[in-house]
Amino acid sequence: DGGITQSPKYLFRKEGQNVTLSCEQNLNHDAMYWYRQDPGQGLRLIYYSQIVNDFQKGDIAEGYSVSREKKESFPLTVTSAQKNPTAFYLCASSGQTGEDGYTFGSGTRLTVV
Amino acid sequence: SQQGEEDPQALSIQEGENATMNCSYKTSINNLQWYRQNSGRGLVHLILIRSNEREKHSGRLRVTLDTSKKSSSLLITASRAADTASYFCAHRNTGGFKTIFGAGTRLFVKA
(Lines give C-alpha, C1' and ligand atoms only; values in the text may rest on other atoms or scores of the structure.)
Protein backbone atom coordinates (compact mmCIF):
# COMPACT_ATOMS: atom_id res chain seq x y z
CA ASP A 1 0.00 0.00 0.00
CA GLY A 2 1.25 3.47 -0.80
CA GLY A 3 1.43 5.83 2.10
CA ILE A 4 3.41 8.04 4.40
CA THR A 5 4.87 6.69 7.63
CA GLN A 6 5.95 8.69 10.64
CA SER A 7 7.93 7.24 13.52
CA PRO A 8 7.96 7.04 16.40
CA LYS A 9 4.34 7.64 17.38
CA TYR A 10 5.37 8.97 20.80
CA LEU A 11 8.70 10.57 21.68
CA PHE A 12 10.02 11.97 24.93
CA ARG A 13 12.83 14.47 25.02
CA LYS A 14 14.90 15.69 27.91
CA GLU A 15 15.82 19.33 28.20
CA GLY A 16 18.82 20.15 26.01
CA GLN A 17 18.53 17.09 23.79
CA ASN A 18 18.15 16.97 20.02
CA VAL A 19 15.65 14.46 18.69
CA THR A 20 14.88 13.36 15.14
CA LEU A 21 11.44 12.50 13.81
CA SER A 22 11.25 10.19 10.84
CA CYS A 23 9.01 10.61 7.79
CA GLU A 24 9.05 8.19 4.86
CA GLN A 25 6.73 8.06 1.85
CA ASN A 26 6.35 5.57 -1.01
CA LEU A 27 3.92 7.64 -3.04
CA ASN A 28 6.62 8.94 -5.40
CA HIS A 29 5.70 12.45 -4.28
CA ASP A 30 8.15 15.23 -5.02
CA ALA A 31 7.13 17.59 -2.22
CA MET A 32 7.21 16.95 1.52
CA TYR A 33 6.23 19.10 4.49
CA TRP A 34 6.48 19.28 8.27
CA TYR A 35 3.73 20.88 10.34
CA ARG A 36 3.39 21.49 14.05
CA GLN A 37 -0.02 21.27 15.74
CA ASP A 38 -0.67 22.54 19.24
CA PRO A 39 -3.81 21.52 21.21
CA GLY A 40 -6.99 22.90 19.67
CA GLN A 41 -5.04 24.74 17.00
CA GLY A 42 -4.46 24.58 13.30
CA LEU A 43 -1.29 23.52 11.56
CA ARG A 44 1.79 25.70 11.33
CA LEU A 45 4.38 25.03 8.64
CA ILE A 46 7.91 24.32 9.87
CA TYR A 47 9.80 23.34 6.71
CA TYR A 48 8.97 22.12 3.25
CA SER A 49 10.86 20.57 0.37
CA GLN A 50 9.75 20.64 -3.25
CA ILE A 51 12.59 18.49 -4.55
CA VAL A 52 15.47 16.35 -3.35
CA ASN A 53 18.40 18.27 -1.85
CA ASP A 54 16.38 21.43 -1.51
CA PHE A 55 14.17 22.70 1.32
CA GLN A 56 12.69 25.98 2.49
CA LYS A 57 11.83 27.46 5.87
CA GLY A 58 8.19 27.70 6.75
CA ASP A 59 6.57 30.03 9.25
CA ILE A 60 8.13 28.61 12.44
CA ALA A 61 11.50 27.13 11.42
CA GLU A 62 13.55 28.41 14.38
CA GLY A 63 14.85 25.55 16.50
CA TYR A 64 14.24 22.93 13.81
CA SER A 65 16.35 21.46 11.01
CA VAL A 66 15.62 19.10 8.12
CA SER A 67 17.37 17.24 5.32
CA ARG A 68 16.14 15.84 2.02
CA GLU A 69 18.82 13.47 0.76
CA LYS A 70 16.33 11.00 -0.69
CA LYS A 71 12.99 11.55 -2.38
CA GLU A 72 11.31 9.17 0.04
CA SER A 73 12.61 10.66 3.28
CA PHE A 74 12.31 14.01 5.05
CA PRO A 75 13.49 13.75 8.68
CA LEU A 76 12.93 16.60 11.12
CA THR A 77 15.34 17.35 13.96
CA VAL A 78 14.02 19.26 16.93
CA THR A 79 17.06 20.94 18.42
CA SER A 80 17.71 22.18 21.93
CA ALA A 81 17.21 25.70 20.55
CA GLN A 82 13.48 25.00 20.25
CA LYS A 83 12.24 26.29 23.60
CA ASN A 84 8.74 24.86 23.52
CA PRO A 85 8.88 21.64 21.51
CA THR A 86 5.98 19.77 23.12
CA ALA A 87 3.47 19.37 20.29
CA PHE A 88 2.02 17.01 17.70
CA TYR A 89 4.16 16.88 14.55
CA LEU A 90 2.67 16.00 11.20
CA CYS A 91 4.49 15.14 8.01
CA ALA A 92 2.78 15.40 4.63
CA SER A 93 3.62 14.87 0.98
CA SER A 94 2.17 15.94 -2.32
CA GLY A 95 2.79 16.06 -6.03
CA GLN A 96 5.26 18.64 -7.27
CA THR A 97 2.79 21.50 -7.34
CA GLY A 98 0.77 20.44 -4.31
CA GLU A 99 -2.33 21.47 -6.21
CA ASP A 100 -4.20 18.22 -5.65
CA GLY A 101 -3.97 18.13 -1.88
CA TYR A 102 -1.71 16.55 0.69
CA THR A 103 -1.33 13.07 2.12
CA PHE A 104 -0.54 13.12 5.82
CA GLY A 105 1.23 10.70 8.12
CA SER A 106 -0.32 9.68 11.42
CA GLY A 107 1.83 12.05 13.45
CA THR A 108 4.44 12.00 16.21
CA ARG A 109 3.60 13.34 19.64
CA LEU A 110 6.70 14.89 21.22
CA THR A 111 6.80 15.61 24.93
CA VAL A 112 9.56 17.31 26.88
CA VAL A 113 10.23 15.65 30.22
CA SER B 1 -2.08 36.52 9.27
CA GLN B 2 -2.90 34.53 6.17
CA GLN B 3 -4.58 31.82 8.20
CA GLY B 4 -8.15 31.00 7.30
CA GLU B 5 -10.83 31.28 9.94
CA GLU B 6 -13.39 28.62 10.64
CA ASP B 7 -16.78 28.91 12.19
CA PRO B 8 -18.02 27.54 14.48
CA GLN B 9 -15.03 26.44 16.58
CA ALA B 10 -17.12 23.55 17.90
CA LEU B 11 -20.41 21.95 16.89
CA SER B 12 -22.48 19.31 18.66
CA ILE B 13 -25.39 17.65 16.85
CA GLN B 14 -27.53 14.51 16.98
CA GLU B 15 -26.96 11.62 14.64
CA GLY B 16 -28.98 12.07 11.47
CA GLU B 17 -28.81 15.86 11.52
CA ASN B 18 -26.82 17.90 9.01
CA ALA B 19 -23.62 19.67 10.03
CA THR B 20 -22.46 22.88 8.38
CA MET B 21 -19.01 24.36 8.85
CA ASN B 22 -17.81 27.62 7.38
CA CYS B 23 -14.39 28.88 6.38
CA SER B 24 -13.19 32.34 5.37
CA TYR B 25 -9.91 33.46 3.89
CA LYS B 26 -8.29 36.76 3.04
CA THR B 27 -6.61 36.61 -0.36
CA SER B 28 -7.18 35.29 -3.88
CA ILE B 29 -6.89 31.54 -4.00
CA ASN B 30 -6.13 28.76 -6.47
CA ASN B 31 -8.16 26.18 -4.60
CA LEU B 32 -9.65 25.37 -1.24
CA GLN B 33 -9.46 22.00 0.45
CA TRP B 34 -11.23 20.35 3.35
CA TYR B 35 -9.56 17.80 5.61
CA ARG B 36 -10.73 15.67 8.49
CA GLN B 37 -8.70 14.74 11.58
CA ASN B 38 -9.67 12.11 14.09
CA SER B 39 -8.27 12.67 17.57
CA GLY B 40 -4.54 12.03 17.73
CA ARG B 41 -4.28 11.12 14.05
CA GLY B 42 -3.14 12.71 10.83
CA LEU B 43 -5.34 14.69 8.49
CA VAL B 44 -7.28 12.99 5.72
CA HIS B 45 -8.03 14.88 2.51
CA LEU B 46 -11.79 15.04 1.89
CA ILE B 47 -12.43 17.31 -1.06
CA LEU B 48 -10.81 20.03 -3.15
CA ILE B 49 -12.70 22.81 -4.89
CA ARG B 50 -10.99 25.01 -7.45
CA SER B 51 -11.45 28.77 -7.63
CA ASN B 52 -13.56 28.47 -10.79
CA GLU B 53 -15.97 25.99 -9.18
CA ARG B 54 -18.94 26.95 -7.02
CA GLU B 55 -20.09 23.61 -5.63
CA LYS B 56 -18.77 20.10 -5.35
CA HIS B 57 -20.18 16.86 -3.95
CA SER B 58 -18.60 13.72 -2.63
CA GLY B 59 -20.92 11.19 -1.02
CA ARG B 60 -22.54 12.91 1.99
CA LEU B 61 -20.26 15.91 1.64
CA ARG B 62 -21.16 19.10 -0.15
CA VAL B 63 -18.71 21.98 -0.46
CA THR B 64 -19.51 25.44 -1.74
CA LEU B 65 -17.13 28.24 -2.61
CA ASP B 66 -17.97 31.93 -2.91
CA THR B 67 -14.87 33.75 -4.11
CA SER B 68 -16.62 37.14 -3.96
CA LYS B 69 -17.14 36.66 -0.22
CA LYS B 70 -13.89 34.73 0.22
CA SER B 71 -15.73 31.96 1.99
CA SER B 72 -16.49 28.25 1.76
CA SER B 73 -18.81 25.89 3.55
CA LEU B 74 -18.74 22.15 4.19
CA LEU B 75 -22.06 20.38 4.66
CA ILE B 76 -22.19 16.84 6.01
CA THR B 77 -25.65 15.39 5.51
CA ALA B 78 -27.26 12.68 7.65
CA SER B 79 -24.38 12.75 10.11
CA ARG B 80 -23.17 9.63 11.91
CA ALA B 81 -21.34 9.18 15.21
CA ALA B 82 -18.31 8.16 13.13
CA ASP B 83 -18.22 11.68 11.64
CA THR B 84 -17.03 12.97 15.04
CA ALA B 85 -13.69 14.64 14.24
CA SER B 86 -12.07 18.00 13.59
CA TYR B 87 -12.53 19.48 10.15
CA PHE B 88 -10.02 21.88 8.62
CA CYS B 89 -10.18 24.07 5.59
CA ALA B 90 -6.96 24.86 3.78
CA HIS B 91 -6.23 27.18 0.92
CA ARG B 92 -3.45 28.05 -1.41
CA ASN B 93 -3.00 31.67 -2.43
CA THR B 94 -2.81 32.50 -6.11
CA GLY B 95 0.82 32.23 -7.17
CA GLY B 96 1.85 30.67 -3.88
CA PHE B 97 3.13 27.22 -3.05
CA LYS B 98 2.28 26.86 0.61
CA THR B 99 -1.09 25.55 1.76
CA ILE B 100 -2.48 27.48 4.72
CA PHE B 101 -4.65 25.67 7.27
CA GLY B 102 -7.40 27.09 9.43
CA ALA B 103 -7.79 26.33 13.14
CA GLY B 104 -10.55 23.79 12.49
CA THR B 105 -14.09 23.02 13.62
CA ARG B 106 -14.53 20.27 16.19
CA LEU B 107 -17.66 18.28 15.33
CA PHE B 108 -19.29 15.97 17.86
CA VAL B 109 -22.11 13.75 16.65
CA LYS B 110 -24.15 12.19 19.44
CA ALA B 111 -25.56 8.72 18.85
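Values below: all heavy atoms of this structure, side chains included; hydrogens, waters and symmetry mates excluded. All chains are named by letter (A, B, ...) in the order of the sequence lines, taking the proteins before the strands, and each is independently numbered beginning at 1.
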*Among T99(B), N30(B), N31(B), residue most engaged with chain A (heavy-atom pairs, under 4.5 Å)*: T99(B)

_Segment of Q9(B) engaging chain A (4.5 angstrom heavy-atom cut-off)_ = neither

*Quick one: ring pair (Phe, Tyr, Trp, His ring centres under 6.0 Å) partners of F104(A), sequence neighbours excluded?*
Y35(B), F101(B)

*With a 4.5 Å heavy-atom cut-off (strictly below), which parts of residues 42-50 of chain B touch chain A? List them by number.*
G42(B), L43(B), H45(B), L48(B), R50(B)

*Specify which of K9(A), Q50(A), R109(A) makes the most heavy-atom pairs with chain B at under 4.5 Å.*
Q50(A)

*If you draw a 6.0 Å radius around NZ in K110(B), do more than 12 non-hydrogen atoms from other residues or ligands fall strictly inside?*
yes

_Rounded distance [0.5 Å steps], CG in L43(A) versus CG in D38(A)_ = 10.0 Å

*Could you please state which residues from residues 75-96 of chain A sit under 4.5 angstrom from chain B, measuring non-hydrogen atom to non-hydrogen atom, sorted by number, or 'none'?*
F88(A), L90(A), Q96(A)

*Can you tell if the side chain of L107(B) reaches within under 4.5 Å of the side chain of I76(B), non-hydrogen atoms only?*
yes

*Measuring heavy-atom distances to chain B, does Q37(A) have an atom under 4.5 Å in its side chain, in its backbone, in both, or in neither?*
side chain

*Are L75(B) and L32(B) linked, directly or through other ILVMFWY residues, by side chains that come within less than 4.5 angstrom of each other?*
no

*Donor-acceptor under 3.5 Å (Q33(B) side chain, A90(B) main chain)*: no

*L21(A)-V112(A) co-clustered via ILVMFWY side chain contacts under 4.5 Å*: no

*Which class fits the ring pair Y48(A) and Y33(A): parallel under 30°, tilted 30 to 60°, perpendicular over 60°?*
parallel

*If we ignore angles and hydrogens, is there a donor and acceptor under 3.5 Å between the side chains of E24(A) and S73(A)?*
yes

*Which residues satisfy the salt bridge (Lys or Arg N to Asp or Glu O under 4.0 Å) test with K71(A), sequence neighbours excluded?*
D30(A)

*Identify which part of F97(B) has an atom lying under 4.5 Å from any heavy atom of chain A, answering side chain, backbone, both or neither.*
both

*Counting heavy atoms not belonging to E55(B), are there more than 12 under 6.0 Å from its CD?*
yes

*Quick one: CG on N93(B) to NE2 on H91(B), what's the gap to the nearest 0.5 Å?*
4.5 Å

